[in-house]
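Everything on this sheet refers to the single structure shown next.
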Amino acid sequence: MRPVRRVDPAERGAALLTVLMLVAIIAVLAGAALEKLRLSTRLAGNAAAQEQVRAYAYAAETMAVTRIGSMLGTNPKRVTLAGGWSDKPFGLPLPGGGFATARVRDGGNCFNLNGLVTRTPAGAYVTQGEQRPVFVRLMRLLNVPVQVAEQIASGTADWIDTDQDQQAMGAEDGAYLGRDPSYRTAGTLMNDPSEMRAIAGMTPAIYTTLRPWICTLPIAQPAAINVNTLLPEQAPLFAMLFPDTLTVEAARALLLKRPPQGYANADDILKGAALQGATNFGTSGQTAVVSKWFALDVDVTLGTTQLQERALIDATRLPARLVSRQWGEPS
């Protein structure tokens, strides 16, 4: 018979402590695994929800493009505010209590920053000098100091054009390479107005002032202002086409006198401005009675998931098509 070995009480305590430590480690590992599983499940759910709301946003896009095509198909020679379509929300009920809302408005009633240049047959972008004073005029109407306005207008053209020939008060690569961090001009069309934040002379306050009035249409030519859809509060966009001979108040008065059915020809409102002694910059081609670009805002809510989208619709030729989209709040 084997002798019975007595266990030292100290050894018994050490074994218990080891077991407790193992239990604690296993509990921590199990907790971490469960937390990762919970996080992965939530991420997968969020991703699925985001994909779902994006699918509904695409459906709202299709509805908007179809409506624009129908509107232009019935009266392609004139686009007015008749029918209250501009910025009027139209909804798309979703299953599960969700809802998608889309708003369409004229997307060409703005100063197109990319119109500060023109494209050569070789594909290069060169400064279009006729548009710089128009942009300066708009900024002056918005109370931007004239010297700052001149700097920003020239700097924006230099930012877009392909060459490195700096305009008076402009800025090419040399003005930005010395900054921290350093960067270069784009040398191509802007994709978004927020690019202006990088231009010499721009400040957050000035950008906030300019943002509602500027756009970046994907064409190297000025935006044609539709005098039939331009709102009276957007009068600076019409007054900018004239030197100091037309005030914002006078431009607003002309828009308020617009016939209910709109102007049949853009020359009609230009004649009204001329009767008040206004002479333009020779930019009669920048006014129109039709709209070729439309801005689309989509808001989708599905449960706790929300999504915002901003898009641009090209109707320069039918059928209309969506050419760009951005997710999130405006920049």
Side-chain angles (χ1 to χ4, degrees), residues 56-94 98-112 212-215 217 219 222-239 241 248 251-273 285-301 308-326 330:
Y56 291 134
Y58 297 148
E61 290 176 2
T62 303
M63 290 178 60
V65 171
T66 302
R67 288 194 174 196
I68 289 172
S70 299
M71 179 176 66
L72 296 180
T74 56
N75 190 9
K77 295 182 179 180
R78 190 185 308 184
V79 176
T80 70
L81 297 175
W85 61 269
S86 180
D87 213 29
K88 179 181 179 180
F90 61 91
L92 177 65
L94 308 180
F99 206 81
T101 302
R103 289 180 172 85
V104 175
R105 65 183 185 281
D106 196 310
N109 287 342
C110 53
F111 181 86
N112 181 24
W213 308 93
I214 58 177
C215 59
L217 302 181
I219 52 172
I225 305 298
N226 184 351
V227 295
N228 285 334
T229 59
L230 193 68
L231 301 175
E233 52 265 32
Q234 294 177 301
L237 291 172
F238 185 67
L241 303 177
V248 172
R252 185 179 295 112
L254 289 171
L255 292 172
L256 290 172
K257 294 177 182 178
R258 180 171 53 207
Q261 72 277 14
Y263 292 105
N265 192 295
D267 289 339
D268 293 342
I269 192 172
L270 295 177
K271 291 176 182 177
Q286 278 189 247
T287 53
V289 293
V290 295
S291 299
K292 297 298 185 181
W293 301 91
F294 293 87
L296 170 65
D297 296 316
V298 178
D299 294 282
V300 183
T301 299
Q308 293 179 314
E309 176 192 349
R310 293 175 297 120
L312 180 67
I313 297 173
D314 178 4
T316 54
R317 60 180 178 218
L318 298 178
R321 60 196 178 97
L322 189 134
V323 292
S324 69
R325 69 167 64 92
Q326 293 183 356

Take Thr287 and Tyr263, measure what side-chain contact (heavy atoms from CB on, under 4.5 Å) needs, and give me the verdict at the end.
-> CA-CA 11 Å; Thr287 53; Tyr263 292 105; over 6 Å; no
After noting the C-alpha distance and the side-chain angles of Trp85 and Val79, does the key distance pass the side-chain contact (heavy atoms from CB on, under 4.5 Å) rule?
-> CA-CA 11 Å; Trp85 61 269; Val79 176; 4.0 Å; yes
Check the pair Arg103, Asp299 against side-chain contact (heavy atoms from CB on, under 4.5 Å), reporting the backbone distance first and the verdict last.
-> CA-CA 9 Å; Arg103 289 180 172 85; Asp299 294 282; 4.2 Å; yes
Report the C-alpha distance between Asp297 and Arg105 in whole Å, list the side-chain angles of each, state the deciding distance to 0.1 Å, and finish with yes or no for side-chain contact (heavy atoms from CB on, under 4.5 Å).
-> CA-CA 9 Å; Asp297 296 316; Arg105 65 183 185 281; 2.5 Å; yes
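Considering CD of Gln286 and CD1 of Ile225, their distance stands at 7.0 Å, rounded to 0.5 Å. Ser86 contributes atom OG, which lies 6.0 Å from atom CG of Leu231 (distance to the nearest 0.5 angstrom). For the atom pair OG1 of Thr101 and CZ of Phe99, the computed distance is 5.0 Å after rounding to the nearest 0.5 Å. Atom CG in Leu296 sits 11.0 Å away from atom CE in Met63 (nearest 0.5 Å). The distance from the OG1 atom of Thr80 to the CG atom of Asp106 is 11.0 Å, given to the nearest 0.5 Å. A distance of 11.0 Å separates CD1 of Ile214 from CG of Leu237, quoted to the nearest 0.5 Å.
No side-chain heavy atom of Thr62 sits less than 4.5 Å from a side-chain heavy atom of Leu322. A heavy-atom distance below 4.5 Å is found between the side chains of Met71 and Phe294. Leu270 is listed as a side-chain neighbour of Phe238, based on a closest heavy-atom distance under 4.5 Å.
Listed here is the closest heavy atom pair of Val289 and Ala266: CG1-N, 3.5 Å. The two residues Pro232 and Arg252 come nearest to each other via the heavy atoms O-NE, 3.4 Å. Contact between Cys110 and Ala223 at its shortest, heavy atoms only, is O-CB, 3.6 Å. Heavy-atom minimum distance, Ala315 versus Ile68: CB-CG2, 4.4 Å. Nearest heavy atom pair, residue Leu92 against residue Tyr56, reads CD2-O, 4.0 Å. Summarising the geometry of Val300 relative to Ala100, their closest heavy-atom pair is CG2-CB, 3.9 Å, with the distance given to 0.1 Å.
Between the side chain of Asn112 and the backbone N or O of Ile219, at least one donor-acceptor pair lies under 3.5 Å. Arg258 places a side-chain N or O within donor-acceptor distance of the main-chain N or O of Val227, the cut-off being under 3.5 Å. Side-chain atoms of Asn109 come within 3.5 Å of backbone atoms of Asn226 as a donor-acceptor pair (strictly under, hydrogens ignored). Judged by distance alone, with hydrogens and angles left aside, the side-chain atoms of Trp293 form no donor-acceptor pair with the main-chain N or O of Thr316 at under 3.5 Å. Checking side-chain atoms of Asn228 against main-chain N and O of Arg78 turns up no donor-acceptor pair under 3.5 Å.
A side chain to side chain contact (heavy atoms under 4.5 Å, CB included) with Val298 is found for exactly one of Gln308, Arg325, Arg310, Glu309, namely Glu309.
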